[in-house]
Trainee: 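One structure, as structure tokens, below. Some questions next.
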Amino acid sequence: MTRTAVPPTTVRPRRRQPWVLPLGLLAVAFLAFALPPYVTLDPAEARVPVPAELPHFYPMLAAHIGFGSVALLSSVLQVWPWLRRRRPAVHRWSGRAYLFAGVFPGAVAVLTVAPFGSMGWGQQTGNTVLGLLWLATGIAGYRAVRQRRFADHRRWMLRSVALTWSIVANRGWLVLCLAVFSPGALGGGPVDPTALMLAVGVASWASWVVNLAVVEWWLRRRPRPRRDQSR
Ligand code: HEM
């Protein structure tokens with residue numbers, strides 16, 4: 001029997017990314033909380049006011065939520081470095097699902113709804129600009145990969161995922177903004193409608209501007225020297 005020695009450098013330890021599982025669990029937990037009122041497709045159960053004079057509003061809102069769910073779940077697979085490197089075919093297929101069954105139809109649907117939000121121009125403009133940027137970053141990321149500009153593809157897709165996750169960040173921002181501008185809305189006290197609209201408007205903008213700023217900082221930061229190279 002002959003023994004073949006495997007040089008240690010050829011056997012790479014599988015890198016673990018401890019944040020992937022918590023991120024996936026957060027996406028599932030968010031959907032478990034957000035989706036139930038919409039699975040019945042009954043406008044009366046919606047958590048947001050549905051304007052009776054806009055018959056397209058509820059179907060487009062429901063479509064947006066369905067496509068948004070696909071985008072949120074598949075985004076976790078897309079940012080998982082191990083999957084990208086070791087299972088590129090899965091990365092490609094979940095990437096197609098992310099864009100064609102998530103971001104593109106989800107953004108088109110939401111652009112028919114966002115300008116009509118019931119919480120004033122702050123919310124309406126914040127969500128409409130978010131919808132446009134969601135579409136634009138998805139298109140830019142897809143064009144880049146078709147043209148094999150992989151570094152650009154990575155940058156655009158990270159921006160897109162930051163925008164997708166703004167829906168989760170929004171829940172935190174909303175509580176914070178209500179506590180600051182309209183505490184009555186949290187505690188069952190008196191609610192000034194103007195202050196409530198201000199809180200919702202600020203939360204709508206902060207949800208995606210902060211996510212995008214963090215990703216932009218991360219993309220532009222100086223790369224740290226890798227430990228094996230610095231030695
Ligand atoms: C990133 C682009 C997105 C934009 C511009 C956007 C915009 C909107 C708008 C305008 C509404 C209606 C709010 C109202 O009229 O008060 C809404 C509601 C909703 N969106 Fe999105 N959204 C986005 C992404 C997502 C994603 C990725 C999900 C994931 C499932 C999602 C889930 C929901 C849910 C569940 C609601 C209903 C609100 C509630 O029940 O509290 N959205 N969104």
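Start at 1 and go down the list; that is how both ligands and their atoms are numbered. Numbering starts at 1 and runs along the sequence shown.
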Trainee: Name each donor-acceptor pair under 3.5 Å that joins a side chain in residues 167-185 to protein atoms two or more places apart or in another chain, with its distance.
Mentor:
{"from": "Asn170", "atom 1": "ND2", "to": "Ser207", "atom 2": "OG", "distance (Å)": "3.0"}

Trainee: Could you work out, with salt bridge (Lys or Arg N to Asp or Glu O under 4.0 Å) as the rule, every residue matching Glu216, not counting sequence neighbours?
Mentor: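 With sequence neighbours excluded, Glu216 shows a salt bridge (Lys or Arg N to Asp or Glu O under 4.0 Å) to Arg159, Arg220, given in chain and number order.
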Trainee: State which residues pass side-chain hydrogen bond (donor to acceptor under 3.5 Å, both in side chains) with Ser166; sequence neighbours excluded, sorted by chain then number.
Mentor: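 Once residues adjacent in sequence are excluded, Ser166 has no partner under the side-chain hydrogen bond (donor to acceptor under 3.5 Å, both in side chains) criterion.
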Trainee: Looking only at heavy atoms, which two atoms of Leu158 and Trp218 are closest? And how far apart?
Mentor: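 That closest heavy-atom pairing would be CD1-CZ3, 4.0 Å.
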Trainee: Taking the six-membered ring where the residue is Trp, are the ring centres of Tyr142 and Phe100 under 6.0 Å apart?
Mentor: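 Yes, the ring of Tyr142 comes within the 6.0 Å limit of the ring of Phe100, centre to centre.
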Trainee: Closest approach of Ser94 and Ser74, non-hydrogen atoms and distance?
Mentor: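 Nearest pair, atom of Ser94 first, then Ser74: O-CB, 3.9 Å.
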Trainee: List the protein residues in contact with ligand 1, where contact means a heavy-atom separation under 4.0 angstrom.
Mentor: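 Contacts of ligand 1 under 4.0 Å: Leu31, Ala34, Tyr38, Arg47, Val48, Phe57, Leu61, His64, Ile65, Gly68, Ser69, Val110, Ala114, Gly117, Gln123, Asn127, Leu130, Gly131, Trp134, Leu163, Thr164, Ile167, Arg171.
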